[in-house]
Amino acid sequence: MSSTELPGVRAVAAAVSPAVSAVRVVEGEELRSVGLPGLTLSVRSRPPERTGLPPALYVHGLGGSSQNWSALMPLLQGVVDGEAVDLPGFGDSPPPDDGNYSVTGHARAVIRFLDAEERGPVHLFGNSLGGAVATRVAAVRPDLVRTLTLVSPALPEIRVQRSALPTGLLAVPGVAGLFARMTSDWSAEDRTRGVMALCYGDPGRVSEAGFREAVAEMERRMGLPYFWDAMARSARGIVDAYTLGGQHGLWRQAERVLAPTQLVYGGRDQLVSYRMARKASAAFRDSRLLTLPDAGHVAMMEYPEAVAQAFRELLDERGGS
């Protein structure tokens with residue numbers, strides 16, 4: 001007990017906050033907490049096969065967590081020293097003290113982590129929202145990024161797919177709370193099936209064990225008192241980033257990225273249109289494109305071998321570093 005803590009305060013706090021199960025850590029992974037001023041980040045890592053490998057950082061998408069990279073990380077532990085971060089308010093990271101869930105706020109959290117850990121320059125990976133965040137990091141801090149690998153990055157679209165509209169509606173004030181109340185009787189299994197139907201090209205590729213693990217994680221997240229707030233504010237951050245023009249616009253920042261960039265798009269992606277692959281290829285000055293016709297929004301989870309191979313080829317072009 002600290003010198004300022006009153007007897008019974010910890011017990012009262014435990015009674016007020018719902019009990020939440022521990023986040024899952026698969027065999028071979030490690031989870032640690034990094035404290036920064038006004039910010040605490042949970043970081044998942046898998047020890048590299050040997051010392052001296054270049055560092056990598058993986059950044060997940062909206063509603064995701066560092067677990068989204070657990071299938072890809074072991075495939076690359078022979079070429080990079082990889083870590084996956086839980087963005088503020090997601091995974092095992094608590095909300096940021098300032099409540100800033102904008103793309104810039106998330107990018108700032110990544111930059112602060114890399115500066116504090118002195119891990120840059122890194123091979124930076126991003127999926128969906130994490131792709132937008134990684135693009136902004138690479139544009140404003142090129143010294144921190146060796147290469148950039150973007151899986152279905154959430155970059156502005158003029159004509160958003162109809163299937164992506166419900167996610168965008170979360171950005172409207174009050175909608176997240178309304179949706180939470182309307183779906184209060186949905187089971188974790190129902191929610192998980194809905195997410196997988198939206199994010200996977202073929203949900204049937206998920207094993208029964210994988211589905212059960214996803215359900216358990218959904219139950220854990222729904223027990224967090226800030227879950228819907230983090231979702232709504234981050235969705236609002238994406239919408240705001242889509243409407244931002246000038247030098248701070250994401251497409252303009254994509255044009256400023258100096259790092260060699262690997263783009264990955266799925267043909268069955270219901271959240272980021274497959275047609276954006278061509279525009280992204282033209283925007284990033286030093287880019288390569290991998291298209292996976294049967295993949296959905298999370299190719300690194302559906303086809304990790306293909307994504308790993310594309311990254312290895314990118315490394316080979318750069319001399320393996």
**Q** Looking at E117 and R112, does any basic side-chain N land under 4.0 Å from a carboxylate oxygen?
**A** no
**Q** Is there a donor-acceptor contact under 3.5 Å linking the side chains of T149 and H123?
**A** no
**Q** Please step through salt bridge (charged side-chain N to carboxylate O under 4.0 Å, His left out) for the pair R141 and D115, ending with a clear verdict.
**A** CA-CA 10 Å; R141 288 292 304 274; D115 279 341; 3.0 Å; yes
**Q** R312 side chain to V307 main-chain N or O, any donor-acceptor pair under 3.5 Å?
**A** no
**Q** To the closest 0.5 Å, what do you measure between CD (E118) and CG (L144)?
**A** 11.5 Å
**Q** Does a salt bridge link R268 with D294, judged by any charged N lying under 4.0 Å from a carboxylate O?
**A** yes
**Q** With a 3.5 Å distance limit and no angle check, can you tell me whether S93 reaches the backbone of S42 through a side-chain donor-acceptor pair?
**A** yes
**Q** Is R278 atom CZ crowded by more than 12 heavy atoms from other residues, nucleotides or ligands, each under 6.0 Å away?
**A** no
**Q** Give the C-alpha distance, both sets of side-chain angles, the deciding distance and a yes or no for salt bridge (charged side-chain N to carboxylate O under 4.0 Å, His left out) between R46 and E83.
**A** CA-CA 7 Å; R46 179 174 284 273; E83 293 185 326; over 6 Å; no
**Q** What pair of heavy atoms forms the shortest contact from A132 to L250, and how long is it?
**A** O-CD2, 3.8 Å
**Q** What is the distance from atom OH of Y226 to atom CZ of R221, rounded to the nearest 0.5 Å?
**A** 10.5 Å
**Q** Answer yes or no: is there a side-chain heavy-atom contact under 4.5 Å between T261 and D286?
**A** no
**Q** Begin from the C-alpha positions of V80 and M73 and carry the test side chain to side chain contact (heavy atoms under 4.5 Å, CB included) through to its verdict.
**A** CA-CA 9 Å; V80 296; M73 290 175 70; over 6 Å; no
**Q** Verify the distance criterion only: is there a donor paired with an acceptor across the side chains of T147 and R318 at less than 3.5 Å?
**A** no
**Q** Decide yes or no for V43 and D86: does some side-chain heavy atom of the first lie under 4.5 Å from some side-chain heavy atom of the second?
**A** no
**Q** Could you go through the side chain to side chain donor-acceptor pair (under 3.5 Å) check for E305 and Q309 one step at a time?
**A** CA-CA 6 Å; E305 294 85 1; Q309 180 59 31; over 6 Å; no
**Q** Going by distance alone, is a donor N or O of one side chain under 3.5 Å from an acceptor N or O of the other, for Q262 and S287?
**A** no
**Q** How long is the straight-line distance from CE of M300 back to NE2 of H297, given to the nearest 0.5 Å?
**A** 8.0 Å
**Q** Below 4.5 Å, heavy atoms only, C-beta onward: do D316 and F311 meet side chain to side chain?
**A** no
**Q** Within the structure provided, determine whether L271 and L198 are in side-chain contact (heavy-atom separation under 4.5 Å).
**A** yes
**Q** So do the side chains of L57 and V110 get within less than 4.5 Å of each other, counting heavy atoms only?
**A** yes
**Q** Below 4.0 angstrom, N of the basic side chain to O of the carboxylate: do R119 and D81 qualify?
**A** yes
**Q** Look at the side-chain heavy atoms of Ile, Leu, Val, Met, Phe, Trp and Tyr, link any pair under 4.5 Å apart, and say whether L314 and L53 land in one connected group.
**A** no
**Q** Would you call the rings of Y58 and W69 parallel, tilted or perpendicular, taking 30° and 60° as the class edges?
**A** tilted
**Q** Going by heavy atoms in the side chains, are E29 and P47 under 4.5 Å from each other?
**A** no
**Q** If only side-chain N and O atoms count, and only distance matters, is there a donor-acceptor pair under 3.5 Å linking S66 with H60?
**A** no
**Q** Compare every heavy atom of M196 with every heavy atom of A214, then report the nearest pair and how far apart it is.
**A** CB-CE, 3.5 Å
**Q** Considering non-hydrogen atoms only, spot the tightest contact between T135 and Q253 and give its length.
**A** CG2-C, 4.5 Å
**Q** Look at R288 together with E313 and state whether they make a salt bridge at an N to O cut-off of under 4.0 Å.
**A** no
**Q** Taking E213 first and then R220, would you say they form a salt bridge - that is, a charged N and a carboxylate O separated by under 4.0 Å?
**A** no
**Q** May I ask you to decide whether R233 forms a salt bridge with D229, counting only side-chain N to carboxylate O separations under 4.0 Å?
**A** yes
**Q** Is the side chain of W251 donor-acceptor paired with the backbone N or O of A283 at a distance under 3.5 Å, no angle test?
**A** no
**Q** In Å and rounded to the nearest 0.5 Å, what is the OG to CG distance from S128 to L155?
**A** 10.0 Å
**Q** Would a hydrophobic clustering, with Ile, Leu, Val, Met, Phe, Trp and Tyr connected at side-chain separations under 4.5 Å, put L75 with V151?
**A** no
**Q** Once rounded to the nearest 0.5 Å, what's the spacing between atom CZ of R108 and atom CG of N100?
**A** 6.0 Å
**Q** Output, in order, the C-alpha distance, side-chain angles, deciding distance and verdict of side chain to side chain contact (heavy atoms under 4.5 Å, CB included) for E255 and R285.
**A** CA-CA 6 Å; E255 294 171 354; R285 65 180 71 188; 5.7 Å; no
**Q** Membership question, hydrophobic clusters at under 4.5 Å side-chain separation (ILVMFWY): are V145 and F113 in the same one?
**A** yes
**Q** For the atom pair OG (S102) and CG (D240), what is the distance rounded to the nearest 0.5 Å?
**A** 8.0 Å
**Q** Looking at Y303, is R205 sitting on its ring face, NZ or CZ under 6.0 Å from the six-membered ring centre and within 45 degrees of the normal?
**A** yes
**Q** Are V239 and Y101 co-members of a hydrophobic cluster defined by side-chain heavy atoms under 4.5 Å apart?
**A** no
**Q** Run the side chain to side chain contact (heavy atoms under 4.5 Å, CB included) check on E302 and V206 step by step: do they pass?
**A** CA-CA 8 Å; E302 283 190 279; V206 181; over 6 Å; no
**Q** Between L292 and Y265, is any pair of side-chain heavy atoms under 4.5 Å apart?
**A** no
**Q** Are F211 and Y200 connected into the same hydrophobic cluster when the rule is that any two of I, L, V, M, F, W, Y join if their side-chain heavy atoms are below 4.5 Å apart?
**A** yes
**Q** Identify the two heavy atoms, one from L41 and one from A109, that lie closest to each other, and give their separation to 0.1 Å.
**A** CD1-O, 3.9 Å
**Q** Run the side chain to side chain contact (heavy atoms under 4.5 Å, CB included) test on L150 and V264 for me, step by step, so that the C-alpha distance in whole Å, both residues' side-chain angles and the decisive distance to 0.1 Å come before the verdict.
**A** CA-CA 6 Å; L150 305 176; V264 182; over 6 Å; no
**Q** Taking the side chain as every heavy atom from C-beta outward, state whether S187 and D190 have any atom pair closer than 4.5 Å.
**A** yes
**Q** Using every non-hydrogen atom in the two residues, find where V272 and E157 come nearest and quote the distance to one decimal.
**A** CA-OE2, 3.5 Å
**Q** Closest heavy-atom contact between E219 and A188?
**A** CG-CB, 3.2 Å
